[in-house]
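One structure is given below, encoded as structure tokens.
Residue indices begin at 1 and follow the sequence shown.
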Amino acid sequence: MKKLAAIALSIGMFFTASFAHAITPSEISDVLEAQGYPVHSISDSMLAVNYQGMTVLIAINGADGDVSYLTYLQNGSDNVSEEFLNNYNYSVKFGRAFIDRDGDVVIQMDRNSSGGVSLGNVTSDFEVFISLVEKFLNDVSNQVTV
């Protein structure tokens with residue numbers, strides 16, 4: 001029984017690896033458009049996705065096709081302290097929030113694509129990123145000012 005489970009696991013890993021590869025912006029665009037998201041090409045390695053009034057930038061970098069998701073929040077950093085950012089970053093996995101040089105709040109999530117990324121990962125990653133942004137916005141609106 002254990003041997004059968006080990007064989008099944010090996011076959012599963014083989015098929016998973018065979019469907020994972022360095023992903024292209026065109027493939028990401030196709031997957032997200034199929035999910036109903038409007039996608040626009042910014043450059044050979046960057047896409048912009050419109051989602052509920054915000055723009056999510058998706059950058060593909062490096063030989064492995066590492067993928068970065070980021071968005072700049074329009075409300076600025078007026079209601080966001082370092083303590084708030086630290087608490088948010090401590091409470092989430094996979095992403096981070098920071099204030100850039102221009103004083104804009106940025107939410108970012110990176111996927112190390114060493115070994116490849118499947119097309120199914122793209123949809124999942126995008127949904128995770130959107131949930132990080134929504135958590136951030138909810139946390140900002142729920143914070144209590146003294």
From [X] [atom1] over to [Y] [atom2], what is the distance, rounded to the nearest 0.5 angstrom?
X: I58; Y: T71; atom1: CD1; atom2: OG1; answer: 10.5 Å
X: I130; Y: D125; atom1: CD1; atom2: CG; answer: 11.5 Å
X: F98; Y: L70; atom1: CZ; atom2: CG; answer: 7.0 Å
X: Q108; Y: L57; atom1: CD; atom2: CG; answer: 10.5 Å
X: D44; Y: S26; atom1: CG; atom2: OG; answer: 11.5 Å
X: L85; Y: D139; atom1: CG; atom2: CG; answer: 11.0 Å

Taking all heavy atoms of [X] and all of [Y], pick out the closest pair and write down the distance.
X: P25; Y: S45; result: CG-CA, 4.1 Å
X: Y88; Y: I107; result: OH-CG2, 4.4 Å
X: S29; Y: L47; result: N-CD1, 3.9 Å
X: M109; Y: F129; result: CB-CD1, 3.6 Å
X: N61; Y: S68; result: ND2-OG, 4.5 Å

Checklist entry - Does the pair D66 and D110 meet the rule for a side-chain contact (heavy atoms from CB on, under 4.5 Å), with working shown? => result CA-CA 7 Å; D66 291 343; D110 298 321; over 6 Å; no

Checklist entry - Going through the distances and angles, do D102 and Y72 end up as a side-chain contact (heavy atoms from CB on, under 4.5 Å)? => result CA-CA 11 Å; D102 296 328; Y72 294 82; over 6 Å; no

Next on the checklist: Quick one, I28 with V39, criterion side-chain contact (heavy atoms from CB on, under 4.5 Å). Give me CA distance, side-chain angles, the key distance, then yes/no.
Outcome noted: CA-CA 9 Å; I28 291 174; V39 181; over 6 Å; no

[X] side chain near [Y] side chain, heavy-atom distance below 4.5 Å:
X: D30; Y: L119; answer: no
X: Y37; Y: V31; answer: no
X: V92; Y: F136; answer: no
X: F126; Y: V56; answer: yes
X: H40; Y: N50; answer: yes

Hphob cluster co-occupancy, [X] + [Y], side-chain heavy atoms under 4.5 angstrom:
X: Y69; Y: M54; value: yes
X: L32; Y: M46; value: no
X: I42; Y: I60; value: no
X: F84; Y: L132; value: yes

Checklist entry - Does atom CG of N138 have more than 12 heavy-atom neighbours from other groups under 6.0 Å away? => result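 Count over threshold, so yes.
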
